Amino acid sequence: MDVQVRENKAATALWKGAAVLGLATIVSKLLGTLQKIPLQNIAGDGVFGIYNAVQPIYLLILTLATAGFPVAVSKFVSEHMALGQRAEAKRITAIAAGALAVSGFAGFCLLFFGAGGIAALMRVQQSERAIQSVAFALLLVPLMSVIRGYYQGLHNMVPTAVSQVAEQLIRVAVMLGLLFYMLGGAYGDDWVAAGATFGAAAGAAAGLAVMLLYLRSSRRSALRAAGKTRVPGRDEPQRAPDGDGMLSQSGKAAYEPAAVLLRRFLAYALPVGFGSLVVPLLALVDSFTIPRLLIEAGSGEEAAIASFGLYNHGQPLVQLVVMIAGSMSAALIPAVAEAKLKRRKDLIESRAALTMRLTWLLGLASAFGLAVAAPQLNVMFFASADGSLTMAIIAFTALFGTVSVVSGSLLQGLGLAGVPARNLLLAAIAKIALNALLVPAYGIAGAAYAAVLAYALAAALNVARLRRCAGTTATGGAGFARPLAAVAAMCAAVWATAAGAEALLAALPHAPSHRIAQTAAALAAIGAGALVYAAALLRAGALTRRELAQVPGFAKAEPLLERLRLLR
C-alpha cells in the first residue's frame with residue numbers, strides 16, 4: 001500500500017513538473033507568435049518569408065551546438081541525485097557548460113562569417129544580414145540550456161519556466177522596438193528581417209540572467225544550510241562532503257575523470273541532439289528547397305519569398321502544439337530513465353502508455369481543430385485568407401509532430417537515443433524527395449502535403465520501435481473509435497460556431513470589420529470545440545478516472561465532472 005502511495009505521489013509530481021513546463025511553453029510560445037504577427041502584418045510576407053527562412057538555420061546550428069547536452073545533463077543529474085551524489089551532479093553541469101561554450105562560439109563563427117554563402121545556397125540573398133544578426137544568440141543560449149537541464153534533473157521545473165517566459169518577453173520587446181524603428185527609417189526588407197532575428201540574442205541574454213540568478217540563490221541557500229549542519233559525533237559514520245553541505249550515501253564522493261565523463265556525455269548527448277532536430281531539420285529542408293523550386297518553376301525571387309511567407313502562416317500554431325508536447329516530454333525523460341535504472345518495467349510501461357495516450361488526444365484535436373478553423377485563424381492572425389488551404393493541410397503536422405517528438409523522448413529515456421535520429425534522417429530525405437515531386441506541380445500546397453507525409457513517417461518509425469521496447473502503441477491503448485468520435489463532434493461544433501458567429505455579426509446594424517468578425521468567430525469556434533471535445537472524451541470513457549487522478553488539479557474538478565455525469 002505504501003509503495004502504491006509513493007508511486008502515485010511520484011506520478012503526480014511528474015505531471016506537475018510537466019504541467020509547469022507546458023504552461024510556461026504556452027505563454028512563451030504565444031509571445032513568440034505575437035512577434036511574428038506584427039512582423040507579417042506590418043512588414044508583409046516578404047520580410048516574413050526571410051525571417052522564416054533564417055529561423056530553421058539558427059535552430060539547426062543551435063541544436064548541433066548544444067548537441068543534446070541539456071537533456072544529457074538532466075538525465076545524468078537525476079541519476080546522481082538519486083544516489084545522493086550532488087557534488088558529482090554539479091561537476092557534470094560545469095563540464096557540460098565548458099564544452100557548450102566552445103561549441104556555441106563555433107556555431108556563432110559559422111553563421112556570422114558564413115552568412116553570405118548560406119544565403120546564396122538558399123537563393124535568398126536578402127537573408128544574409130538576418131543570419132548574421134541571429135548568430136549572436138549562439139554565444140548565450142548553450143550556457144542557459146545547460147543550467148535549465150541541471151534544474152530539470154533536480155525535478156525543479158520552475159526556473160526553466162520563468163526563464164522561458166522572460167526570454168520571450170524580452171525577445172518580443174526588442175523585436176518590436178527594432179521593427180518600428182527600422183520601418184520608420186525606411187530600411188529595406190533585409191535590415192527589417194535582421195532586426196527581427198536579433199530579438200533572439202536579446203531574449204537569450206534575459207533567459208540566461210534569470211537562470212544565473214536562480215543558481216546564485218541556490219548556492220546561498222546551500223551555504224546557509226551547510227553552516228547549520230551538525231558535525232557528526234564520534235559514534236556516527238564519517239561520510240565525505242560533496243561540496244554542498246550534503247553527503248553521498250556511498251560514504252565517499254563519486255569521481256570520474258573529466259575526459260571519461262565527457263566521452264560518456266557525447267555518447268548519449270550526440271544521438272539525443274540529432275533526435276531533437278525533427279522540427280528545425282525538416283524546416284531547414286523547406287528553407288533550402290521551397291524558394292529554389294518556386295524560382296525554378298518560374299517565380300521571381302521576391303514572389304517566391306512572399307509565397308514562402310504564406311506557406312509559414314500555419315507554422316506558429318502547429319509549433320505551439322508541438323513545443324508544448326516537447327516541453328512536457330522533457331520532464332518525462334529523467335522519470336523514464338530513473339524507472340529504467342530501478343528496473344521497474346511496469347512503471348516504464350504505464351508512464352509510456354499514459355504519455356502516448358495524452359499525446360495522441362492532444363495532437364488529434366489540434367490537427368482537426370486548426371484545419372477546420374483555418375480560414376478564420378488566417379484572417380485573425382495575418383489579415384488575409386490567402387493560403388488558407390495550405391494552412392489547413394499543415395495543421396495535420398500537429399498530430400504527427402507531437403507523436404514524433406514525445407515518442408522520441410520516451411525512446412531517449414529508454415537509452416535508445418540513436419533511434420529518433422535515424423528516423424529523423426529518413427524523414428528529412430523523404431521531405432526533400434517529396435518537395436521536389438510536389439512543389440513544382442502544386443506550389444506551397446504541395447510542400448504542405450510533403451510536410452504531413454514526412455512527419456507521419458518519423459512518427460510511425462518511432463512508435464514502431466517504442467511498441468517493441470515498451471509495448472506502447474501510438475494511441476497509448478486508447479484506440480481509434482472513441483477519440484475519432486469525439487473529434488467528429490468537435491469539428492461539427494467548430495464549424496457550426498464559426499458559421500453562426502459570422503452570420504450573427506454580419507446581421508448587426510453596425511457590423512464589425514471583416515478581420516474583427518473573423519477573429520470573434522475563430523475564438524468562439526475554438527472555445528466551443530475545446531469544450532465539446534473534452535466532454536465527448538470524458539463521456540465516452542477515452543480517459544479513465546484512475547488516469548485523470550494523476551493529472552494535477554483533477555481532485556478540484558472531480559465534483560463538477562461528477563455532477564455533469566462526464567466521468568465513468
Side-chain angles (χ1 to χ4, degrees), residues 15 22 314 317-318 320-322 324-325 328 350 352-377 391-407 452-453 455-456 459-460 463-464 466-467 471-501 521-551 553-554 557-558 560-568:
W15 287 108
L317 297 177
V318 169
L320 171 62
V321 178
V322 176
I324 291 171
M328 292 176 68
S350 64
L354 180 57
T355 300
M356 290 307 300
R357 177 176 294 195
L358 295 177
T359 299
W360 163 252
L361 295 176
L362 171 65
L364 197 65
S366 301
F368 280 92
L370 293 177
V372 174
Q376 291 81 17
L377 290 170
M391 190 175 184
I393 299 168
I394 284 288
F396 287 93
T397 62
L399 171 59
F400 299 116
T402 53
V403 172
S404 175
V405 167
V406 175
S407 60
V452 174
L453 293 173
Y455 275 101
V463 169
L466 188 62
R467 183 172 186 175
T472 304
T473 65
T475 63
F480 287 93
R482 292 176 181 178
L484 287 177
V487 163
M490 179 198 71
C491 289
V494 170
W495 181 84
T497 303
L523 294 175
I526 291 171
L531 291 174
V532 169
Y533 183 65
L537 281 179
L538 294 173
R539 185 62 181 167
L543 285 172
T544 66
R545 187 189 301 267
R546 182 178 178 182
E547 291 168 340
L548 290 171
Q550 299 182 34
V551 179
F554 172 72
E558 187 175 8
L560 175 61
L561 296 177
E562 286 279 9
R563 287 196 298 271
L564 295 174
R565 298 182 180 180
L566 293 177
L567 291 178
R568 285 194 173 187

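We number each residue from 1, following the sequence as shown. Here the structure is a predicted model, which means the values were calculated and not measured.
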Could you walk me through whether Val494 and Ile526 satisfy the side-chain contact (heavy atoms from CB on, under 4.5 Å) test, starting with their C-alpha distance in whole Å, then the side-chain angles of each, then the deciding distance to 0.1 Å, before giving a yes or no?
CA-CA 6 Å; Val494 170; Ile526 291 171; over 6 Å; no

Taking ring-ring contact (aromatic ring centres under 6.0 Å, His included) as the definition, give me every residue that meets it alongside Phe400, ordered by chain and number, with sequence neighbours left out.
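Partners of Phe400 under the ring-ring contact (aromatic ring centres under 6.0 Å, His included) test: none.
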
With a 4.5 Å heavy-atom cut-off, do [X] and [Y] have their side chains touching?
{"X": "Trp360", "Y": "Leu399", "answer": "yes"}
{"X": "Leu484", "Y": "Leu364", "answer": "yes"}
{"X": "Gln376", "Y": "Leu523", "answer": "no"}
{"X": "Phe396", "Y": "Phe368", "answer": "yes"}

Heavy-atom donor-acceptor pair, Ser407 side chain to Ser404 backbone, under 3.5 Å
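Flag set: sc Ser407 to bb Ser404 pair under 3.5 Å.
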
I'd like to know if the side chain of Tyr533 reaches the main chain of Leu361, judged simply by a donor and an acceptor atom lying under 3.5 Å from each other, with no hydrogens or angles considered.
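Yes; at least one donor-acceptor contact below 3.5 Å.
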
Let's go through Val403 and Met356 carefully: what are the C-alpha distance in whole Å and the side-chain angles of both, what is the deciding distance for side-chain contact (heavy atoms from CB on, under 4.5 Å) to 0.1 Å, and is it a yes or a no?
CA-CA 7 Å; Val403 172; Met356 290 307 300; 3.9 Å; yes

If I compare all heavy atoms of [X] with all of [Y], which pair ends up nearest, and what's the gap?
{"X": "Ala528", "Y": "Thr497", "answer": "CB-OG1, 3.4 Å"}
{"X": "Ala371", "Y": "Ala395", "answer": "N-CB, 3.6 Å"}
{"X": "Val532", "Y": "Ala493", "answer": "CG2-CB, 3.7 Å"}

For a side-chain contact (heavy atoms from CB on, under 4.5 Å) with Thr397, tell me which candidate from Val452, Leu370, Leu453, Val321 qualifies.
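Of the listed residues Val452, Leu370, Leu453, Val321, the side-chain contact (heavy atoms from CB on, under 4.5 Å) partner of Thr397 is Val452.
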
